[in-house]
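Throughout, a chain's letter reflects where its sequence line sits, starting with A, and its residues are numbered from 1. The structure displayed is predicted, hence computed values, not measured ones.
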Amino acid sequence: MAAKRPARRSWLFKSEPGTYSIDDLARDGRTSWEGVRNYQARNLLRDELQVGDPVLFYHSSAKPLAIVGLARVVRSGYPDPSAADPSSEHHDPAQDPAVPRWYTVDLEFVAKFAEPVTRDALLARPELAGMMLLQRGSRLSVQPVTDAEWRCVLGLAGLDPRRL
DNA sequence: GCCAACGTTGGC
DNA sequence: GCCAACGTTGGC
């Protein structure tokens with residue numbers, strides 16, 4: 001029997017495009033996802049995200065609200081350097097330097113959708129009714145995405161999930 | 001700009 | 001450990 005490999009999991013990252021957009025990621029090619037200051041998201045970044053995991057990139061507080069492209073995890077969780085940097089707006093003065101409190105991962109640009117998959121389009125799909133992004137009050141900025149949700153979103157984007 | 005939802009903080 | 005106050009997120 002083949003050795004069991006941990007299942008690859010899919011994720012959704014939220015970002016306000018005025019802060020960091022899919023175009024910024026396309027330009028940079030790769031970025032460190034610094035500044036997450038929520039323990040639930042921190043736990044995912046630190047413990048769950050693995051190199052190679054695919055990521056949906058969502059624009060929040062934007063027009064339109066939409067999933068706008070794809071990224072990939074290229075470095076798994078490591079201590080967020082901005083937390084220990086007094087000059088950073090994300091500096092956490094309460095963090096003990098010896099005990100990192102916040103974590104980040106590195107993302108690589110994969111694709112920008114030809115047309116954004118809008119929140120309205122997502123809401124119109126019955127099979128996405130349970131998607132975390134669409135639950136009221138869901139504020140988590142890093143969210144797990146099921147395989148079925150992933151396939152549905154890529155279908156809405158006009159992409160074949162099997163070819164990625 | 002409003003406000004619901006939710007997380008964090010701090011007094012007790 | 002409870003819980004009220006407060007701050008933030010983010011859709012509308």
Side-chain angles (χ1 to χ4, degrees), chain A residues 9-28 31-49 53-73 76-107 109-146 148-157:
Chain A
R9 298 174 68 188
S10 304
W11 309 95
L12 180 142
F13 279 43
K14 286 195 279 199
S15 186
E16 297 191 18
T19 302
Y20 197 82
S21 71
I22 188 71
D23 291 322
D24 293 324
L25 183 59
R27 178 200 63 218
D28 295 343
T31 195
S32 176
W33 202 259
E34 297 177 1
V36 173
R37 297 293 178 268
N38 168 282
Y39 286 104
Q40 206 177 341
R42 185 282 307 271
N43 291 346
L44 293 175
L45 293 172
R46 186 188 60 188
D47 304 330
E48 303 293 334
L49 277 79
D53 283 355
V55 171
L56 301 172
F57 197 104
Y58 177 78
H59 280 174
S60 62
S61 300
K63 208 173 169 178
L65 293 167
I67 298 171
V68 291
L70 303 175
R72 182 187 298 119
V73 177
S76 59
Y78 62 99
D80 182 340
S82 71
D85 177 2
S87 70
S88 168
E89 59 175 324
H90 301 299
H91 178 232
D92 178 6
Q95 176 182 266
D96 176 350
V99 186
R101 177 184 295 182
W102 305 113
Y103 280 71
T104 182
V105 300
D106 287 358
L107 288 188
F109 175 77
V110 172
K112 180 182 177 180
F113 292 158
E115 293 294 334
V117 176
T118 65
R119 183 178 185 87
D120 287 345
L122 300 171
L123 288 167
R125 305 297 302 192
E127 61 267 50
L128 297 180
M131 191 175 187
M132 187 180 289
L133 179 71
L134 304 179
Q135 308 311 305
R136 65 179 319 211
S138 166
R139 304 189 313 177
L140 201 58
S141 64
V142 176
Q143 306 181 351
V145 173
T146 68
E149 290 162 355
W150 171 265
R151 287 192 300 271
C152 182
V153 169
L154 264 65
L156 291 171

>> Can you tell whether the side chains of A:R101 and A:D92 come within less than 4.0 Å, N to carboxylate O?
In response: yes

> To the nearest angstrom, how far is A:Q40 atom CD from B:dA5 atom P?
Replying inline: 17 Å

> Which residues in residues 117-140 of chain A have at least one heavy atom lying under 4.0 Å from any atom of DNA chain C?
Replying inline: A:R119, A:R139

> Within this structure, what is the NE2-to-P distance between A:H59 and C:dT9, rounded to whole angstrom?
Replying inline: 17 Å

> CD of A:Q143 versus P of C:dT9: gap in Å, rounded?
Replying inline: 15 Å

> Are a donor atom and an acceptor atom from the side chains of A:S82 and A:D85 found within less than 3.5 Å of each other?
Replying inline: no

> Can a salt bridge be assigned to the pair A:R37 and A:D80 using a cut-off of 4.0 Å between side-chain N and carboxylate O?
Replying inline: yes

> Reckon A:Y39 has a side-chain N or O less than 4.0 Å from the OP1 or OP2 of B:dC6?
Replying inline: no

> If you look only at pairs with a residue in residues 76-103 of chain A, which of them pass as a ring pair (Phe, Tyr, Trp, His ring centres under 6.0 Å), with sequence neighbours excluded?
Replying inline: A:Y39-A:W102

> Rounded to the Å, how far apart are A:N38 CG and C:dT9 P?
Replying inline: 10 Å

>> Distance check needed: B:dG7 P versus A:N43 CG, whole Å only.
In response: 13 Å

> Rounded to whole angstrom units, what separation is found between the CZ atom of A:R37 and the C1' atom of B:dT9?
Replying inline: 18 Å

>> C:dG10, OP1 or OP2 - any side-chain N/O from A:K14 closer than 4.0 Å?
In response: yes

> Rounded to the nearest Å, what distance is computed from the CH2 atom of residue A:W102 to the P atom of nucleotide B:dG7?
Replying inline: 13 Å

> Would you say A:L134 and A:R119 make side-chain contact, with heavy atoms under 4.5 Å?
Replying inline: yes

> Under the 3.5 angstrom rule, does the side chain of A:W11 hit a backbone N or O of A:R9 as a donor-acceptor pair?
Replying inline: yes

